[in-house]
Structures are given as C-alpha cells and as structure tokens.
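The next block holds one structure in the form of structure tokens; read it before the comments.
All chains are named by letter (A, B, ...) in the order of the sequence lines, taking the proteins before the strands, and each is independently numbered beginning at 1.
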Amino acid sequence: MPELPEVETIANGLNKRVAGDRIDSVWVGSKPEPLKSSAAEISATLEGAKVDRVRRVGKHIVFDLGSEKTAGDRQWIVHLGMTGQMLVANPEAETPKHTHLVAKLASGRELRFVDPRRFGRLEVRQTGFTGPGAEPLSIDADDFARLFHTSKAPVKAALLNQKLLHGVGNIYADEALFRAHIRPRRRANALTKSELRKLHAALQKVLRLAIAAGGSSISDYVDADGEAGYFQIQHRAYGREGKPCLTCKTPIKKIVVGGRGTHYCPKCQK
DNA sequence: ATACCGACCTGTCAGC
DNA sequence: TGCTGACAGGTCGGTA
C-alpha cells in the first residue's frame with residue numbers, strides 16, 4: 001500500500017503526535033507474527049522507551065527511542081507492507097480487526113499497528129538503520145544516472161528495486177515514467193543521459209507533489225490520524241488503463257513488468 | 001548476476 | 001444471493 005509519499009505523511013503525522021511521549025506497555029497479537037524481531041524482544045525494547053522522533057527512511061517508519069535501560073541506542077523499524085496502518089487512537093475507540101500490536105502511551109493514547117494482509121514487518125534494533133538503497137529525494141541527477149546505468153533490468157523494475165533507490169513503489173514508478181516520456185520496458189542502462197536526467201526530475205517532482213497532497217489513497221491507505229490522502233486524483237497513468245492519455249488521448253495501456261501491473265501511454269512514452 | 005514466478009495473506013470486485 | 005477467480009500500494013526465496 002504505502003510508498004514513499006504515504007510513509008512520509010504517516011511518519012510526519014506520528015512524529016507530531018507521539019514524539020516526546022513514552023510507551024508504558026505493549027500488547028502483541030499471537031497470530032503468525034508480522035515480526036522480524038520476536039514479540040518478547042519488541043515488548044522488552046518498547047516498554048519504558050521514550051519516543052524521541054519518528055521519521056521515514058525509504059518505505060520504513062523509524063522510531064528513534066530513548067530510555068534509561070538502553071541509553072537511547074535503539075530503534076523501532078516498521079514496514080507497512082501492502083496494507084499496514086500505524087494509528088494513534090483513543091483507548092475507547094474500537095480496536096479494528098487485524099490489530100497486531102497496541103502500545104499504550106503515557107499520554108493515555110494508543111499506538112496501533114493494523115495490517116490485514118500481514119505483509120508488514122516490525123523490528124527493533126540498534127541505531128544506525130539506513131535502508132537498503134539511496135533516498136530518491138536527496139540523490140542528485142548525476143548519482144541517479146550512475147546508479148541506473150548499472151542496471152540491465154527494465155527501467156520500471158529498476159525503479160522498484162529498493163537496493164538502488166528505496167521508497168519508490170508501483171504507483172510512483174508508473175507516474176514518473178509517464179512524466180519522463182519513457183517506456184517501462186526500456187533497459188535502464190540503455191537510457192540516454194538526457195532521459196535519465198528527465199526521469200530523475202520527474203520522479204522527484206511526482207514524489208514531492210504527492211507528499212504535498214498527503215499521499216495517494218486507494219482503498220485502505222490512511223495516515224496516522226486516519227485521514228486519506230488526495231494524490232490519486234492526480235494520477236496520470238496508474239490505474240487509468242483504457243482511459244485516454246491526458247496529453248494525447250491515446251488509451252493508456254496496461255502490461256506486466258517485473259510481475260507488477262504497469263500503466264503507460266504507447267504514444268507519449270518512447 | 002539477472003529475471004521471472006510463486007509464495008506470503010486478506011479483502012474486494014467482476015463475472016457468471 | 002453466492003461462488004470463483006483475478007487482482008491489489010511489497011518483498012523474499014527458489015529456479016532457470
């Protein structure tokens with residue numbers, strides 16, 4: 001579900017609402033665990049910890065923790081998978097189905113991790129998490145070009161490869177390629193310098209616009225307050241198969257690249 | 001190394 | 001109304 005703009009919106013919302021708060025107690029569900037660390041390890045680390053800051057790295061939410069036990073050297077890393085939500089709620093509010101973790105905060109509120117498909121992952125670790133790849137919003141055009149020049153994969157697949165850039169997912173890969181007028185199946189290392197430059201600019205632009213709109217809400221995405229985002233009304237390729245291209249009216253095509261549904265304009269994208 | 005594909009899960013929607 | 005199958009914002013591991 002959530003790509004970089006959605007995770008950024010969620011992390012910023014969480015930071016605003018829970019930074020400075022303390023986790024008093026933790027409940028972890030017993031189902032097959034959506035965990036990378038064990039339930040016991042997560043509870044032991046989170047209980048008594050103060051939330052210093054919440055931020056985004058790639059598609060991960062990072063809680064920087066401080067506590068007397070751990071001397072502030074621990075982090076709680078949350079990946080939302082396709083359907084994960086991290087919500088701040090009042091304890092009286094009904095607990096949604098598929099709630100896998102509830103952290104009671106000193107302020108009286110609760111932090112709830114909800115994830116129907118259980119593709120999300122929770123992990124506690126030492127500080128220093130940097131994510132698997134480069135940050136799409138900070139990388140400059142030259143480094144971007146060098147990075148993509150190393151990949152023989154279709155450019156769409158390269159955009160989704162988190163070891164190259166982390167944070168780009170299916171929606172924004174399609175949107176960036178549309179805006180850069182590049183076909184998704186082109187080999188990344190076959191793109192010209194000028195095309196890579198356009199792709200870099202298009203990607204950063206679409207991510208920034210989406211962050212400004214609070215992310216894209218398709219079915220179940222909501223931020224930490226349970227609010228939907230609005231970028232989906234600005235999608236030009238993703239989810240528009242058969243509809244006229246907003247530039248040239250040619251019907252948008254849908255194909256499969258790297259196992260993912262891929263939308264593009266056969267006329268505008270070369 | 002690379003790329004395709006199924007697996008992991010549940011929910012929803014289209015089609016019959 | 002209800003069943004079946006396809007599909008969904010992500011990632012991982014196996015195989016060719």
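- Heavy-atom nearest nucleotides on DNA chain C were determined for A:Gly261 and for A:His79, and the one closer to the 5' end corresponds to A:Gly261.
- For the segment residues 143-155 of chain A, residues with any heavy atom less than 4.0 angstrom from an atom of DNA chain B are, sorted by number, A:Lys152, A:Ala153.
- Taking side-chain N and O atoms only, A:Lys59 has a distance below 4.0 Å to OP1 or OP2 of C:dT11.
- Spacing between atom CD of A:Gln85 and atom P of B:dT10 amounts to 16 Å, rounded to whole angstrom units.
- Rounded to whole Å, the distance from CZ on A:Arg260 to C1' on C:dG10 is 6 Å.
- Aromatic ring orientation, A:Phe178 versus A:His181: tilted (interplanar angle from 30° to 60°).
- In this entry the distance linking CG of A:Asn161 with P of C:dT11 reads 10 Å, nearest Å.
- Looking at A:Asp115 and A:Arg121, no side-chain N of the basic residue comes within less than 4.0 Å of a carboxylate O on the acidic one, giving no salt bridge.
- Taking atom CD of A:Glu123 as the reference point, atom P of C:dT11 lies 14 Å away to the nearest angstrom.
- Salt-bridge annotation for A:Glu195 and A:Arg186: present, with a side-chain N of the basic residue lying under 4.0 Å from a carboxylate O of the acidic one.
- If you take CG of A:Leu164 and C1' of B:dA3, they are 14 Å apart, rounded to a whole angstrom.
- One interatomic measurement links the two molecules: NE2 of A:His100 to P of B:dC8, which rounds to 17 Å at whole-angstrom precision.
- The C1' atoms of B:dT12 and C:dT11 are separated by 22 Å, rounded to the nearest whole Å.
- The phosphate of C:dT11 has OP1 or OP2 within less than 4.0 Å of a side-chain N or O from A:Gln162.
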Show the distances under 3.5 angstrom between N or O atoms of the protein and N or O atoms of nucleotides 11-14 of chain B.
residue: B:dG11; atom: OP1; partner: A:Lys97; partner atom: NZ; Å: 3.3
residue: B:dG11; atom: OP1; partner: A:His98; partner atom: NE2; Å: 2.6

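- Distance check on atom P: C:dA6 versus B:dC5 gives 15 Å, rounded to whole Å.
- Here A:Phe119 does not count as stacked on C:dT11, because the ring centres are not under 5.5 angstrom apart with planes under 30°.
- Ring pair A:His60/A:His79 is perpendicular by interplanar angle, where above 60° counts as perpendicular and below 30° as parallel.
- Counted within 6.0 Å of CZ on A:Arg109, heavy atoms from surrounding residues, nucleotides or ligands total more than 12; the atom is thus considered enclosed.
- Under 4.0 Å is where a charged nitrogen must lie from a carboxylate oxygen, and between A:Glu110 and A:Arg112 at least one such pair does.
- Shown here is A:Arg125, whose CZ atom has more than 12 heavy atoms of other residues, nucleotides or ligands within 6.0 Å.
- Residue A:Gly169 is in sugar-phosphate contact alone, with no base atom involved, counting any heavy-atom pair closer than 4.0 Å across all strands shown.
- One side chain, A:Glu6 or A:Tyr172, offers a donor N or O that lies under 3.5 Å from an acceptor on the other.
- To the nearest whole angstrom, the two P atoms, one in C:dG5 and one in B:dG6, are 16 Å apart.
- Nucleotide C:dG13 has B:dC5 as its partner under the Watson-Crick or G-U criteria, with both atom distances under 3.5 Å.
- Atom-to-atom, CG of A:Asp115 to P of B:dC8 comes out at 16 Å; the value is rounded to the nearest Å.
- Annotation: B:dA1 and C:dG10 have their P atoms spaced 25 Å apart (nearest Å).
- Distance, A:Ile171 CD1 to C:dC7 C1': 14 Å, rounded to whole Å.
- For the OP1/OP2 pair of B:dA3 and a distance below 4.0 Å, the side-chain nitrogens and oxygens of A:Arg187 include at least one atom meeting the criterion.
- A side chain to side chain donor-acceptor pair (under 3.5 Å) with A:Asp64 is found for exactly one of A:Arg74, A:Lys50, A:Gln75, namely A:Gln75.
- Distances were taken from every side-chain heavy atom of A:Lys254 (C-beta onward) to each of C:dG10, B:dA3, C:dA8; the shortest belongs to C:dA8.
- With salt bridges taken as basic N to acidic carboxylate O contacts below 4.0 Å, one links A:Arg56 and A:Glu135.
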